[in-house]
Amino acid sequence: MMKFFSKALIAGAISGLALTGTHAAAETWDMPTPYPDKTFHTVNISEFAKDVEASTGGKLKIKVHSAGSLFKHPEINKAVRSGQVPAGEFFLSLLNNEQAAFGADSQPFLATNYKDALNLWKAQKPVVSKLLDKQGLMPLFSVPWPPQGLYTKKEIKTVADLKGLKFRAYNATLEKFANLTGAAPTQVEVPDIPQAFTTGRVEAMITSPSTGANSKAWDFVSHYTDIQAWVPKNIVVVNKRKFRKLDKSVQEALLAAAARAETRGWKMSEEETAAKVKILKDNGMNIVTPSAELMSGLKKIGSDMLVDWSKAAGSEGDAILSAYQQ
Ligand code: PCA
């Protein structure tokens, strides 16, 4: 009897080891992302996936599911939290509704260029990491979009010109901003932008030159006003339990590839800005420098929103703003 048990135990232990061995030898992670393949964020993530495969000697492969094909954008955070997928990308400030601290980078006119955006990320990262930790998540890297500009069918000289426009929004903060200008916002994900314009569901938007050019904005609007309103970020996160299950060497390689992806992504984003404004221009759009009156009207709305945001973000908001303002 004793003999039988020990044999069975040993056999079990061996097959267990063999299974773990096979598992660790080649694991494939499904990774949902919200934006289409051509988007520089997605290009960067594909590079990251290749880098991870190469630097782990094939022990970890990441299969990217772009454009909301595996999970719709608003579901991605929850899918990684629950462990349905080990990793995913989403627009960081979508989580503003859960904790306002997540939304710092989408506050109008708080950080409007890459230098300020990087300082804001440095100020925001410890807070964001702590909040994600509570969700069982860990940030891998975060990359900004180019500064956000205004797309319309006519010239916009003052805030009053936005009144009543059906406005495409991508998060609650932009929805609030649009409402405060007198426009009428509707949420539309990037892959659905062209259809939303052609069917008349929306007639104006604020987004980057990247998203404008990739959506062929010249097919449905004529003016790009370079208001440089904020520099929002995407974030790539990993489920902590799944991360801990990886071999130490694989964990280290993954983090190193993530650090390279962050550096590469910020550079790609900066290069993208002028390149995509040029594409808008080459396709016949009017590239407009905003009037002082428009800017002061928009900035007034931004500073009112920042007061509300600080209240909502409480001590975490204070921590971010004081670190940022140093
Ligand atoms: N593009 C994304 C987010 C910000 C941006 O520039 C979008 O329009 O939804």
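Both counts, for ligands and for their atoms, begin at 1 and track the order of listing. Given the structure is predicted, the values throughout are model-derived calculations rather than measurements.
Centroid-to-centroid, the aromatic rings of F71 and H65 stay 6.0 Å apart or farther.
Under a 3.5 Å cut-off, the side chain of Q148 and the backbone N or O of W230 do not form any donor-acceptor pair. Checked by atom type and distance alone, the side chain of S291 pairs as donor or acceptor with a backbone atom of L294 at under 3.5 Å.
Ligand 1 has no nitrogen or oxygen under 3.5 angstrom from a nitrogen or oxygen of Y170.
Regarding atom 1 (N) of ligand 1, its nearest protein heavy-atom neighbour is T211 OG1, 2.7 Å. Among protein heavy atoms, atom 6 (O) of ligand 1 sits closest to S208 OG, 2.6 Å. Looking from atom 5 (C) of ligand 1 to the surrounding protein, the closest heavy atom is T207 OG1, 3.2 Å.
Only the side chain of R168 comes within 4.0 Å of ligand 1, counting heavy atoms alone; its backbone N, CA, C and O stay farther away.
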Open item on the list: Checking E271 against K267 for the salt bridge (charged side-chain N to carboxylate O under 4.0 Å, His left out) test, could you report, in this order, the C-alpha distance in whole Å, the side-chain angles of both residues, the deciding distance, and whether it holds?
Closed with: CA-CA 6 Å; E271 288 168 2; K267 190 159 172 276; 3.3 Å; yes
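A perpendicular orientation is assigned to the rings of Y170 and F91, their planes being inclined by more than 60° (bins at 30° and 60°).
Across every non-hydrogen atom of M205 and R168, the tightest pair is CB-CB, 3.8 Å.
In this structure, Q148 has a heavy atom closer than 4.0 Å to ligand 1.
The residue among L174, V190, T39 with a heavy atom at the shortest distance from atom 7 (C) of ligand 1 is V190.
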